[in-house]
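Only one structure is covered here, and it is reproduced in the block below.
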Amino acid sequence: MSENSEFGFGAATGVGSMPGGDVRETAKTVTGSFDDFPHLPELPARGPGADMIGRTAGMLVDVYARVEPSGWRIGDRPGRDTRRARSWLGEDLDALEEYTQGYEGPLKVQAVGPWTLAAALELRNGEAALSDPGACRDLAGSLVEGLRTHLDEVRRRVPGARIVLQLDEPSLVAVLRGQVKSASGYRTHRAVDRQLVESTLREVMGVHADGPVVVHSCAPDVPFALLRRAGAAGISFDLSLLTERDDDAIGEAVEGGTRLLAGVVPGTDGPLSDPAGSVMGVRTLWRRLGLHPGLLAQAVTVTPSCGLAGASPEYARRALAHCVRAARSLADNPE
């Protein structure tokens, strides 16, 4: 286990998506960059089924989706799009297995969480599954079964790994606030009750009862307290979107043992500051919260601000290496 956390997180990792379509080269880059906390890369540039929604839709049990001009729509039977999504995931696992031979330590895998999935998948009438409480329940149940199978497969392929499950929930805040647009675009779906949101997340997180679950959202106003109550051991976010309104919730999260996966390295091409400069915001936050500097390396994992699908391959490689150097700076000079 990494010395950085009782949960077995490493000092730095990626969010999930990477640019390009070369599966083996990407797996080699990710495992080579993060020798104490690699993750299963996602390559959405390959097309529908490799994207975030399609990839997770391919994991579902007894629920199938196909690509329509408007997005992914639930259908009656597995078709070409489902088969493609499952095939690409299999290729990704093959490459991960190849480059993690003998690996022992934390390994992160990602899937879309139940509420972002419900906001993105369409029912037969073209409206989001979010509009139908029964459909939301069915999706969550199907996701639990699909994740159970997926996690078992990862354990079989990388037996020394301690798996960290990341649920991607970029639409969670919009679901809570009633900001998910209808098919027409002229209205929005009603806000979902916070207790229902929390209980559904708890149900899905329960699939990984023997390991930590991280919830990732690179949207503003991440509901830290709700996610912690639902069982998140870690919360992944874009540090630049925090405001002082988040201070109390973050302070309580750290004191409660929740791991912060702080996105500090830009997700698209641009100049990178020195490693110490990249984590200056984390140190500033710590001082503002009055937290002990010695807690920093134990409580924070450094990541890019969001996925790297929109970056160039060369920048993505540099960004991953920069995360590792920034994490080292945080550990060596916490004040």
Side-chain angles (χ1 to χ4, degrees), residues 14-18 23 39-68 70-75 77-93 96 107-123 128-130 132 135-154 163-172 174-175 180 197 200-208 211 213-219 227 230 232 236 306-309:
V15 171
S17 66
M18 293 284 288
V23 177
H39 66 90
L40 176 63
E42 302 163 359
L43 298 175
R46 289 178 293 185
D51 62 297
M52 183 174 77
I53 299 299
R55 184 180 181 90
T56 300
M59 294 180 192
L60 297 175
V61 173
D62 296 332
V63 174
Y64 311 106
R66 64 179 186 273
V67 179
E68 297 286 342
S70 54
W72 285 89
R73 182 170 295 182
I74 295 171
R77 60 183 67 84
R80 178 183 58 191
D81 298 322
T82 298
R83 289 192 293 272
R84 186 191 298 124
R86 291 174 178 174
S87 174
W88 273 330
L89 180 57
E91 288 178 22
D92 295 344
L93 290 169
L96 182 75
L107 168 69
K108 184 164 69 67
V109 299
Q110 305 83 220
V112 175
W115 293 109
T116 294
L117 202 60
L121 285 181
E122 299 173 356
L123 301 173
L130 188 68
D132 182 335
C136 290
R137 280 195 302 274
D138 291 347
L139 262 184
S142 176
L143 180 60
V144 166
E145 293 305 312
L147 285 173
R148 185 171 288 127
T149 300
H150 179 53
L151 293 169
D152 286 345
E153 177 73 1
V154 177
I163 299 172
V164 176
L165 172 62
Q166 175 179 303
L167 296 177
D168 291 316
E169 282 284 13
S171 299
L172 182 61
V175 167
V180 176
V197 168
T200 303
L201 284 167
R202 186 180 299 113
E203 175 194 350
V204 175
M205 289 187 206
V207 75
H208 193 42
V213 179
V214 169
V215 178
H216 167 71
S217 176
C218 47
L227 295 175
S236 172
C306 208
L308 293 168

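Reckoned from all heavy atoms, side chains included, excluding hydrogens, waters and symmetry mates. A quick note: this is a predicted structure, and the numbers were derived from the prediction, not measured.
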Under the rule for side chain to side chain contact (heavy atoms under 4.5 Å, CB included), what residues qualify as partners of [X], not counting sequence neighbours?
| X | result |
| --- | --- |
| Asp138 | none |
| Arg137 | Pro133 |
| Asp152 | Arg148, Arg155 |
| Thr200 | Pro114, Trp115, Ala140, Leu196 |

Please tell me whether Ser17 and Glu42 have a donor and an acceptor in their side chains that are separated by less than 3.5 angstrom.
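No, no side-chain donor-acceptor contact under 3.5 Å.
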
My understanding is that only residues two or more places apart in sequence, or in another chain, count here; which of them pass disulfide bond (SG atoms under 2.5 Å apart) with Cys136?
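Disulfide bond (SG atoms under 2.5 Å apart) list for Cys136, sorted by chain: empty.
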
[atom1] of [X] to [atom2] of [Y]: how many Å apart, nearest 0.5 Å?
| X | Y | atom1 | atom2 | answer |
| --- | --- | --- | --- | --- |
| Leu143 | Leu167 | CG | CG | 7.0 Å |
| Arg73 | Asp81 | CZ | CG | 12.5 Å |
| Leu147 | His208 | CG | NE2 | 10.0 Å |
| Met59 | Glu145 | CE | CD | 14.5 Å |
| Leu89 | Leu40 | CG | CG | 6.5 Å |

Using the side-chain hydrogen bond (donor to acceptor under 3.5 Å, both in side chains) criterion, which residues pair with [X]? Sequence neighbours excluded.
| X | answer |
| --- | --- |
| Ser236 | His216 |
| Glu203 | none |
| Glu91 | none |
| Gln166 | Lys108, Asp168 |

Check salt bridge (Lys or Arg N to Asp or Glu O under 4.0 Å) between Arg86 and all other residues, then give those that pass, not counting sequence neighbours.
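Checked Arg86 against salt bridge (Lys or Arg N to Asp or Glu O under 4.0 Å); zero matches.
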
Within 6.0 angstrom of Arg80 CZ, more than 12 heavy atoms from elsewhere
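It does not: Arg80 CZ has 12 such atoms or fewer within range.
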
Quick one: closest heavy-atom pair of [X] and [Y], and the distance?
| X | Y | value |
| --- | --- | --- |
| Val112 | Leu117 | CG1-N, 3.6 Å |
| Met205 | Ala232 | SD-N, 3.4 Å |
| Ala129 | Leu139 | CB-CD1, 3.8 Å |

For the side chain of Thr82 and the backbone of Tyr64, is there at least one donor-acceptor N/O pair under 3.5 Å apart?
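Between the backbone of Tyr64 and the side chain of Thr82 there is no qualifying donor-acceptor contact (under 3.5 Å).
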
Is there a donor-acceptor pair under 3.5 Å between the side chain of Ser217 and the backbone N or O of Ser171?
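No, the answer is negative, given that no donor and acceptor are paired below the 3.5 Å cut-off.
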
Would you call [X] and [Y] a side-chain contact if the rule is heavy atoms closer than 4.5 Å?
| X | Y | value |
| --- | --- | --- |
| Val61 | Val144 | no |
| Val175 | Glu169 | no |
| Leu121 | Leu60 | yes |

Which residue pairs pass the salt bridge (charged side-chain N to carboxylate O under 4.0 Å, His left out) test with at least one member in residues 50-59, sequence neighbours excluded?
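Qualifying pairs: Arg55-Asp92.
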
Derivation of the side chain to side chain contact (heavy atoms under 4.5 Å, CB included) call for Val67 and Trp72:
CA-CA 5 Å; Val67 179; Trp72 285 89; 3.5 Å; yes

